[in-house]
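One structure is given here, and the rest of the page talks about it.
Values reported hereafter were calculated over all heavy atoms of this structure, with side chains retained and with hydrogens, waters and symmetry mates removed. Chain identifiers are assigned alphabetically (A, B, ...) following the order of the sequence lines, protein sequences preceding nucleic acid strands; residue numbering begins at 1 within each chain.
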There are 2 protein chains.
Amino acid sequence: MNLKQLEVFLWVAELKGFTKAAKRLYMSQPAVSFQIQSLEELLGVKLFWRNEKNVILTEAGKLLFEQAKQIVAHSNKIKSVVNDLKELKTGSFTIGASTIPGEYVLPKLIGDFHRRFPGIQINVRIAGSAQVEAWLLNREIDLGLCGALISGKEIECLPFLTDRLVLIAPPDHRWKSGEEVKINDLIKEEFILRESGSGTRKTFEASLARSGISKEQLSVVMEMGSTRAIIGAVEAGLGISVVSFLAAREPLLLGLIKEITVHNLDLDRELYVIRDQSWMNNFAAEAFHDFIFTGSPDNQGPSANKIFTPVS
Amino acid sequence: MNLKQLEVFLWVAELKGFTKAAKRLYMSQPAVSFQIQSLEELLGVKLFWRNEKNVILTEAGKLLFEQAKQIVAHSNKIKSVVNDLKELKTGSFTIGASTIPGEYVLPKLIGDFHRRFPGIQINVRIAGSAQVEAWLLNREIDLGLCGALISGKEIECLPFLTDRLVLIAPPDHRWKSGEEVKINDLIKEEFILRESGSGTRKTFEASLARSGISKEQLSVVMEMGSTRAIIGAVEAGLGISVVSFLAAREPLLLGLIKEITVHNLDLDRELYVIRDQSWMNNFAAEAFHDFIFTGSPDNQGPSANKIFTPVS
DNA sequence: CACCTTGATAAAGATATTTTATTTATTTGT
DNA sequence: ACAAATAAATAAAATATCTTTATCAAGGTG
């Protein structure tokens, strides 16, 4: 059997005539006869009662008519369903993000994207950078947002946002807000930091190393797995810290903590979108990837991209 | 789109390989590649992620997989549904019958037929012979059972059962049960008869005419539309009548009425199956038509055919 | 590094479908 | 009733489509 046969059959039944169906289908009448005959032969029944002046469905024809309508409709629907996928009217993808981009960048991005493409379901996973990379290689996520790369051999990695780390201190710290201190002054302080291996910690230690200070010279009094918890600890006067500006912004504005500038210490760090080049493209994931750089058309890009210079 | 493409697609997806699908489908691997490519081109999406060692469905492929399974299953079902019709596992037809065959022959026939072909739905209409013929020409019924024909030009008409009319009288009538009376004796009697135009009445009048008695010579004291009602009236002593043996049999056996023989009066009459030759065949109706003559295989024909000589 | 498996591609060959031309049957208009 | 018209069937040629054989390229394996 064959969809062409069914389609021709439906039109012959609908228009009650081989010639009429042929015109409707832009084919010759013998071709219609041929399709109907081949279908009748296949099924072993006459489908039409050909007679004086009219062509009428037999019982088997009536039965087939109902079934064929459904099949042809269903097969046409396939095209539109696949098209919906291409046109981002439907679809889904999974994005993984490390904590800073996941908590401070992704929510707004997702919000804007969802407003633009309401039919797309987005699944989000948040964990450490290493886990995000593992998920990607494992093909459990379509895209990742993270602060640092580990292996990176098969992974496409594009910077999409420049974050910077800021030195924060409790409001009652002897350094004044906005004061510029020297790098060596840091050695005397007590630090509360994210665990080793976290993107933030690695960035900070790399910056110090560039300024000739080894990580062992710092006095780390506490390690915490959550940037928000660290900020809370700094607020409480337990020590000072270096955290992503993205996370510190609100407590800074509220005066719960203060920012200290360190002379000559470069604390900028890129945030990256990562993607497995060797894996297939998912329309929605690709659209989101583009969206990260271009932003929504009806909304001049995610706010994070405005605050920090977007990097193509 | 085309069912072949979908079928090949399903097997490639199922077996996760072009070569494996090719073997399963008894075709060459390039033919499989061709079908998948043409489908991908048609839909404008990649359906498989072809890679080292494995072939994996893309998102669009997964979507298509679900739809294609249904379509292919549905199209396969068509063949079996049509086959059920051919094999009389399903189907329906409408039969019309005049009162005598409809009430005394058809019930048993239908019962036997239904036992033999339980999937077939039978619709029955009962009315006068003229109405049955009109229904047939109007194509409202597939078959008809009746006692007499009117036009008959386009109608195939086969006798399937010989009925005979019997003269019945009340138990207390002066004629004795089984007594043979002369035709002229009938003129002195008071008759209760079916209406003019009914098969029974026409047969009776035609028989009388053959014996030289015109219908005006009879004294008809009552006309009734129902044979059963006539028998009741005869029981009650309102007169005598001539009715189908089929209808009179039970009251005769119970002694509620008695049968009188009329010397030299031929009251046999055929019952006919009628069919419109110029109309299409319905599998179930045709099977029933055959069944009327051959009877059920597991049940030596309908009892009516045993009591009266069946006529081929 | 030779060898095997898997899918893609090209070109020839085989099928299937469509068209043009014609036939048959029936209907319609005069 | 007879020519013209309409509708479907059929035959043969033309075309389109699908399949195969042969071959290639890439990746994995012993």
Query raised in the report: Any idea which heavy atoms bring A:L64 and A:L39 closest together, and the distance?
Result: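 Closest approach of A:L64 to A:L39, heavy atoms only: CD2-CD2, 3.8 Å.
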
Query - Nearest non-hydrogen partners of A:K86 and B:G44, listed with the distance - result: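 For A:K86 versus B:G44, the nearest heavy atoms are CD-O, 3.5 Å.
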
Requested in this report: Report the residues that fulfil side-chain hydrogen bond (donor to acceptor under 3.5 Å, both in side chains) with A:N281, sequence neighbours left out, ordered by chain and then residue number.
Outcome: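 By the side-chain hydrogen bond (donor to acceptor under 3.5 Å, both in side chains) rule, A:N281 matches A:E286.
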
Report summary line: Contact string for nucleotides 19-25 of chain D, one letter per nucleotide 5' to 3', B = base within protein heavy-atom range under 4.0 Å, S = sugar-phosphate only, - = neither, reads BBBB---

Can you check whether [X] has a side-chain N or O nearer than 4.0 Å to OP1 or OP2 of [N]?
{"X": "B:T19", "N": "C:dG7", "answer": "yes"}
{"X": "A:R50", "N": "D:dA7", "answer": "no"}
{"X": "A:N2", "N": "C:dT17", "answer": "yes"}

For atom [atom1] of [X] and atom [atom2] of [N], their distance in whole Å:
{"X": "A:Q37", "N": "C:dT18", "atom1": "CD", "atom2": "C1'", "result": "14 Å"}
{"X": "A:E41", "N": "C:dA16", "atom1": "CD", "atom2": "P", "result": "12 Å"}
{"X": "A:L39", "N": "C:dA16", "atom1": "CG", "atom2": "P", "result": "16 Å"}
{"X": "B:L47", "N": "C:dG7", "atom1": "CG", "atom2": "P", "result": "15 Å"}
{"X": "A:K46", "N": "D:dA8", "atom1": "NZ", "atom2": "C1'", "result": "12 Å"}
{"X": "A:N54", "N": "C:dT26", "atom1": "CG", "atom2": "P", "result": "13 Å"}
{"X": "B:N51", "N": "C:dA8", "atom1": "CG", "atom2": "P", "result": "11 Å"}
{"X": "A:F18", "N": "D:dA9", "atom1": "CZ", "atom2": "C1'", "result": "9 Å"}

Query raised in the report: What about B:F48 and B:F9, are their ring centers closer than 6.0 Å?
Result: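 Ring centroids of B:F48 and B:F9 are less than 6.0 Å from each other.
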
Query raised in the report: Residues in salt bridge (Lys or Arg N to Asp or Glu O under 4.0 Å) with A:E7, at least two apart?
Result: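 None.
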
Requested in this report: Check the pair A:E40, A:I36 against side chain to side chain contact (heavy atoms under 4.5 Å, CB included), reporting the backbone distance first and the verdict last.
Outcome: CA-CA 6 Å; A:E40 286 181 329; A:I36 299 299; 4.0 Å; yes

**Report entry** For A:L106, the option from A:I292, A:I100, A:V124 that meets side-chain contact (heavy atoms from CB on, under 4.5 Å)
**Finding:**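 Option passing the side-chain contact (heavy atoms from CB on, under 4.5 Å) with A:L106: A:V124.
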
